[in-house]
Amino acid sequence: QLQLVESGGGLVQPGGSLRLSCVGSGGILDYYDVGWFRQAPGKEREGVSCISREAASKSSTHYAESLKGRFTISRDNAKNTVYLQMNNVQPEDTAVYYCAADYPFVKSYCSDFEAQGHEFDYWGQGTQVTVAS
């Protein structure tokens with residue numbers, strides 16, 4: 001069974017950068033659609049980004065509209081890892097960040113990841129990101 005472990009969170013000043021990692025074990029992560037989600041205190045979980053299973057050595061990437069240009073999702077298949085590069089972070093980015101994955105056997109989990117986060121079967125434990133001066 002696929003297991004996911006996030007890391008890379010911490011305290012960062014506004015305008016700074018962080019790179020979150022999601023390492024998979026028990027499965028080959030590039031076979032899965034992998035999403036990043038976040039949940040701030042008192043708020044509902046929201047979708048951040050998603051990267052599709054590789055096809056023809058390429059993955060498609062998807063972002064929440066409000067985060068385009070600041071966050072970048074990528075894969076390193078050799079490390080069985082998906083990254084979320086966060087640049088120019090702001091206090092409103094403070095949240096617990098989770099990665100999630102599912103196997104796109106009959107559908108794409110990335111195509112509507114913001115609305116369908118609950119359909120991902122595999123979740124990590126989360127990593128805290130705090131943006132403060």
Side-chain angles (χ1 to χ4, degrees):
Q1 174 151 334
L2 182 68
Q3 294 183 321
L4 304 172
V5 177
E6 303 96 334
S7 63
L11 175 64
V12 59
Q13 292 188 341
S17 297
L18 276 179
R19 188 177 75 164
L20 306 183
S21 300
C22 173
V23 179
S25 61
I28 299 174
L29 207 53
D30 57 318
Y31 289 176
Y32 293 77
D33 288 352
V34 180
W36 282 97
F37 298 83
R38 68 184 184 184
Q39 188 164 21
K43 295 188 176 180
E44 292 189 354
R45 185 181 64 201
E46 63 174 340
V48 173
S49 184
C50 195
I51 186 164
S52 68
R53 173 185 178 178
E54 283 205 349
S57 301
K58 290 186 178 181
S59 292
S60 61
T61 57
H62 308 256
Y63 297 93
E65 192 65 31
S66 62
L67 300 175
K68 281 183 180 178
R70 293 197 299 123
F71 290 11
T72 304
I73 192 170
S74 63
R75 291 182 182 272
D76 184 336
N77 294 336
K79 296 182 178 179
N80 215 32
T81 299
V82 170
Y83 299 104
L84 183 70
Q85 177 68 42
M86 306 167 57
N87 295 330
N88 190 25
V89 294
Q90 300 300 316
E92 54 267 31
D93 295 320
T94 295
V96 178
Y97 284 72
Y98 300 90
C99 66
D102 215 322
Y103 184 75
F105 183 67
V106 294
K107 70 170 188 177
S108 166
Y109 287 87
C110 286
S111 60
D112 194 16
F113 74 97
E114 292 179 84
Q116 297 182 8
H118 62 280
E119 297 194 9
F120 284 76
D121 279 344
Y122 304 101
W123 289 82
Q125 83 291 346
T127 186
Q128 176 71 48
V129 172
T130 302
V131 184
S133 55

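Please read all numbers here as calculations on a predicted model, not as lab measurements. We use all heavy atoms of the structure for the numbers below, so side chains are in, but hydrogens, waters and symmetry mates are not.
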Side chain proximity check, F71 to Q85, heavy atoms < 4.5 angstrom: no
4.5 Å side-chain heavy-atom contact, R19 and S17: no
Pair S66-K68, side chain to side chain contact (heavy atoms under 4.5 Å, CB included): steps then yes or no: CA-CA 6 Å; S66 62; K68 281 183 180 178; over 6 Å; no
Shortest non-hydrogen separation from T72 to Y63 and the atoms involved: CA-OH, 3.4 Å
Atom of A64, atom of G47 and distance for their closest heavy-atom approach: CB-O, 3.5 Å
Does [X] reach the main-chain N or O of [Y] with its side chain, forming a donor-acceptor pair under 3.5 Å?
X	Y	answer
N80	N77	no
D33	S108	no
R75	S59	no

Verdict with supporting geometry, L29 and L2, side chain to side chain contact (heavy atoms under 4.5 Å, CB included): CA-CA 8 Å; L29 207 53; L2 182 68; 4.1 Å; yes
Near-ring test F120/Y109, centroid separation under 6.0 angstrom: yes
Ring centroid separation F37 to W123 under 6.0 Å: yes
How far does [atom1] of [X] sit from [atom2] of [Y], to the nearest 0.5 angstrom?
X	Y	atom1	atom2	result
L67	L84	CG	CG	8.5 Å
Q13	Q90	CD	CD	12.0 Å
E6	S21	CD	OG	10.0 Å
Y97	L18	OH	CG	9.0 Å

Audit row: D76, Y83, side chain to side chain contact (heavy atoms under 4.5 Å, CB included) steps and yes/no: CA-CA 8 Å; D76 184 336; Y83 299 104; 3.6 Å; yes
Derivation of the side-chain hydrogen bond (donor to acceptor under 3.5 Å, both in side chains) call for S7 and T127: CA-CA 6 Å; S7 63; T127 186; over 6 Å; no
More than 12 heavy atoms of other groups within 6.0 Å of Q3 CD: no
